[in-house]
Every structure is written in structure tokens, then in C-alpha cells.
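We name chains A, B, ... by the order of the sequence lines, and we start the count at 1 in each one. All values below come from the heavy atoms of this structure, side chains included, with hydrogens, waters and symmetry mates left out.
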There are 2 protein chains.
Amino acid sequence: MTGEFEIDGSGFLPLREVVYDALRKAILKEKLKPGERLMENTIALKLGVSRTPVREAIRMLADEGLVVLIPRRGAQVAQISRQELLDVLEIRESLDGLAVVLCCQRITPEQEELLDEAERAFRDSIGKSIAEIAEKDIVFHDAIYTASGNRKLVQILNNLREQMYRFRLEYLKQIRDFDEVADEHGKITAAIHAKDIQAAVSCIREHIEKQIETIGRTLPE
Amino acid sequence: MTGEFEIDGSGFLPLREVVYDALRKAILKEKLKPGERLMENTIALKLGVSRTPVREAIRMLADEGLVVLIPRRGAQVAQISRQELLDVLEIRESLDGLAVVLCCQRITPEQEELLDEAERAFRDSIGKSIAEIAEKDIVFHDAIYTASGNRKLVQILNNLREQMYRFRLEYLKQIRDFDEVADEHGKITAAIHAKDIQAAVSCIREHIEKQIETIGRTLPE
DNA sequence: GATCTGTATTTTGTATACAATTATTATATT
DNA sequence: AATATAATAATTGTATACAAAATACAGATC
């Protein structure tokens, strides 16, 4: 092993990743609006790449649920309905429940520390930007997911979160009292430390149900 | 609207679908063994198509979890470990539970009939080929999933089933008494008809837990 | 005037060609 | 003989070209 220059490092992402990021951001920021068609050629020209990586990026987005593919007709930005969002939350309530159960049974001391850290970080983020609060919230929940010791579960829950992403900022803006959310996080954390499965499950379910309520108010069909 | 002839119907599948089916079957039948590399060129030549549809098919299989993608090094048949399988079953136990809860709350009379039909069909399949039993089992569980009224849930559960597919036949061969399985299906069905959520959930969880046990015995790490 | 049909255009599906990276082999050096 | 290095081959990533299908539009027919 000679010099090991990090030639690549942060630098060379595959083009498909670059295109993916660009499209994803555009969709999340609603620069590409739901229902809008994504034409390979147009996007390729706009980004200065060929159609191939664009195609692959679009398919990645389709897996994530951000775009829908119509055979022989291309792709368009997914029109996520209120119903779909509620469906996702219904599943999250169940799987977040599973996650805390497993978490109580399997969490390691190091993971308990990470969880505490994440909980504090969320509390500290209150008052800062919505984006920052959102990020810390993700970290907190991710700490629980990871501590469940079930990799597939982590993957599914992350995917479900991604599908809600577009509405997340909107949703967070609706929340009046973030301290209340932080308290919920605190209760969940405490229950996990105490290995109190019952308490942990009911706390997390309540946590999600509040989200369902808020969504219900925010997005009237 | 004139005649509505189903001209297409069975006919023209996109090549990527053809390749996908071919590879999928090969993996499930273990003609392509876990760990084996999938080289685009080789497959393309073998199937008489170009690399483009092969690439897309491989990526579809990656979504399904049947192959893993290694950047700049191609794909290989996924090596599903005992742990992964148990992880999947852990999630299924939770989500099948959610499915029957929702099913009790939302099932329509027509769906109740379909459920009964599926339950009978499974019972009738006992003694026939393992493949047939497997198929009827899928139909039964699918009837429950569909009746949950949560599309995303149906999609996730189908995906989880697909990930177990390779082990399914092996697993079914282990089962001594299919009548017992049929009885479990019967209890679940009855609980759903009675809208007895508690009974339905405990029946389905027990049903899955038996699978976990069997897998535990079948695949010793 | 409405509808059908044929043509032109756009767009996706597929094939192929080229570039960049990784794996392999052979050679040289110690 | 073992290791390092250089040359070569194999393989993925990307671009481009061509084919087939879908769409849009214009003109013809009733």
C-alpha cells in the first residue's frame, strides 16, 4: 500500500447519484410538482449528462415512492394522497411499536448513550430552524430503530420516513409546542432505560397518533 | 368506446420484465446460487438481449432483496442469512398482526367471502403438491392483507414474503401436519368474521411464531 | 361540425460504442 | 521464493444511436 491519496473521497459520486440528489431535492422542495412529468431527455440536457444515469435515478426515486412509473409513458412526480399518508402512519405506529419492544430487549449500554445524546440534541434544537429540528427528530428515532437490532426493520422504517418527507416540514410547522414533543421523547427514552416494554409501546404509539391527528387537521381531503 | 379487444394481453412484455423473470426464477430455483456474480454482459449474451434491460432487471431484483449491488463491481445473488430471515419474520409477526386488526375493522362482506374461499382452497390443497399448497397459503394471507384496506401494508407484506420465497418450499417440506396449519387458518378466519380483534391477533401471531420455530430448527446457524 | 384516419413529432425502450475502473496475469526485483 | 510493479483483460459506468410506441395535430370523410 503506497500513498493512499483520497482522490475520490468526497469528490466522485456516480452520476446517477448526482442526478438522484438533484431530482429528489427538486421534488421535496416542490420545484417539481406532483403530477409533473419527468422527461429523460429534458432532464439529461438540463443537467448535462446522458439519459442513462437519468433513467437510473428516476427508478431509484420510484422505489422510494417519490415518482410513479407508467410503462411506455415515462415517470411523473408521485401524487401522495392523504390516504396514502395515513396508511404509512398506520404502519409506522405498528413498526415503531415493534422497534421499541425490541429496543427494550436488546439495547446495549453504548446505544443507550447514543439515545440519550439524541434526545438531548432534539431538545437543544428547539428554537432553531425547522430543518434542524427535523434532522434531530430523525436522529432520535433512528437511534431507537438501530437499537432494535433488526436491520430489515431499520430499512423499512427509513423508507417509510422518506415517503413522508415532503409533508414533514409542513407538518412540523403546524406544531405549536415542541417542548411537548421533547417530553414525549423523554418519556420514551426513560421507558427504554427502565426496560418497561408496556410503557415504551404506549408512549411511542401515542407519539405517532398525535402525528396522525395533526396530519388529519393539516391535510383536509 | 368501441369493441375493446384485449389485443396485447399476454403478448409484449418489456425485455426488462422478461430478463427479470428469467433471473428471478433462476435464483429461486437456486440455479444461480447465493454469492454468485451476475455479469451484465454474460447474462445479456445468454438471453440474447443487450446490457440495458439486464441492468434494469438486476436493479429490480436488488429492490426485492434477491441480489445485492456493489458499486463498480456489479451484482451478486443475495446471501440470505438465518438472521435476516428471522428479522423478516419478526416484522411479519407485527405487520400480520396489524393486518388482522384492520381487517376486523374494515373487511367487506365480499372480502369475507373471498377469505372463506381462500381458506377452503388451502384445506383442499392438502395432499397435493407442495407448490400448490404454497400458492394457496399465499392466497389466504393475501385475502387478509387486501381486506386490511391499507395498500402500502399489502405492498410491504408482499415484499417480505418475496424475501422468504427461496426458503419457503424448504420450510413447507418440514411441516408434518398441514391439517394443523389449516385449523389455524380456520381460527383466524372465524375470529375475523366475529370481529374478535384480540383472538385474531393472538391466532395470527401464534401462526407466525410457529414458522419462526420451524425455521429455527431447519436452518441451524 | 364531429369523428375518424393518417402523418409528424415526441418520448420511451433497446442496442451498441466508448471511457474509466477494477481484477488478473506476467514480469522484474529483492 | 516472495513481493511489488507493470501490462493486460474483464467489467461496470456513461454516452449515443436507433427502433418502437405513444401523442398531437391536420386533413379528410360523413
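Taking atom CD of B/Gln76 as the reference point, atom C1' of D/dT11 lies 14 Å away to the nearest angstrom. The distance from atom CG of A/Asn41 to atom P of C/dT9 is 16 Å, rounded to the nearest whole Å. Across the protein-nucleic acid pair, A/Met39 atom CE and D/dT23 atom C1' stand 12 Å apart, rounded to whole Å. Note: CG (A/Leu13) to C1' (D/dT14) measures 15 Å, nearest angstrom. If you measure from atom CD1 of A/Ile70 to atom C1' of C/dG13, you get 16 Å, rounded to the nearest angstrom. When the C1' atom of C/dT22 is taken as reference, atom CZ of B/Arg73 falls 8 Å away, rounded to whole Å. Atom CG in A/Leu45 sits about 11 Å away from atom P in C/dT11, given to the nearest Å. Taking atom CD1 of residue B/Ile43 and atom P of nucleotide C/dA15, one finds them 14 Å apart after rounding to whole Å.
Across all strands, A/Leu38 comes closer than 4.0 Å only to sugar-phosphate atoms, never to a base (heavy-atom distances). The residue A/Arg55 sits close to a base: some heavy atom pair falls under 4.0 Å.
Between A/His185 and A/His207, the ring planes lie perpendicular to each other; the angle is over 60°, past the 30° to 60° tilted range.
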Starting from the C-alpha separation in whole Å, work towards a yes-or-no answer on side chain to side chain contact (heavy atoms under 4.5 Å, CB included) for B/Leu69 and B/Arg59. CA-CA 8 Å; B/Leu69 260 38; B/Arg59 273 144 211 285; 4.0 Å; yes
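Salt bridge annotation for B/Glu84-B/Arg166: absent, with no cationic side-chain nitrogen under 4.0 angstrom from a carboxylate oxygen. Salt bridge annotation for B/Glu135-B/Lys128: absent, with no cationic side-chain nitrogen under 4.0 angstrom from a carboxylate oxygen.
With distances taken from any side-chain atom of A/Glu40 to the nucleotides C/dT16, D/dT16, C/dT12, the minimum falls on C/dT12. Residue B/Arg51 has its side chain nearest to C/dA17 when only C/dA17, D/dA15, C/dA15 are considered. Comparing D/dT14, C/dA15, C/dT11 against the side chain of A/Leu15 picks out D/dT14 as the nearest. Comparing C/dA15, C/dT12, D/dG13 against the side chain of B/Arg72 picks out D/dG13 as the nearest. With C/dA15, C/dG13, C/dT12 as the candidates, the nucleotide lying closest to the side chain of B/Ser50 is C/dA15.
Residues B/Ile80 and B/Pro34 are not in side-chain contact: their nearest non-hydrogen atoms beyond the backbone lie 4.5 Å or more apart.
One finds a side-chain N or O of A/Arg59 lying less than 4.0 angstrom from the OP1 or OP2 phosphate oxygen of C/dG13.
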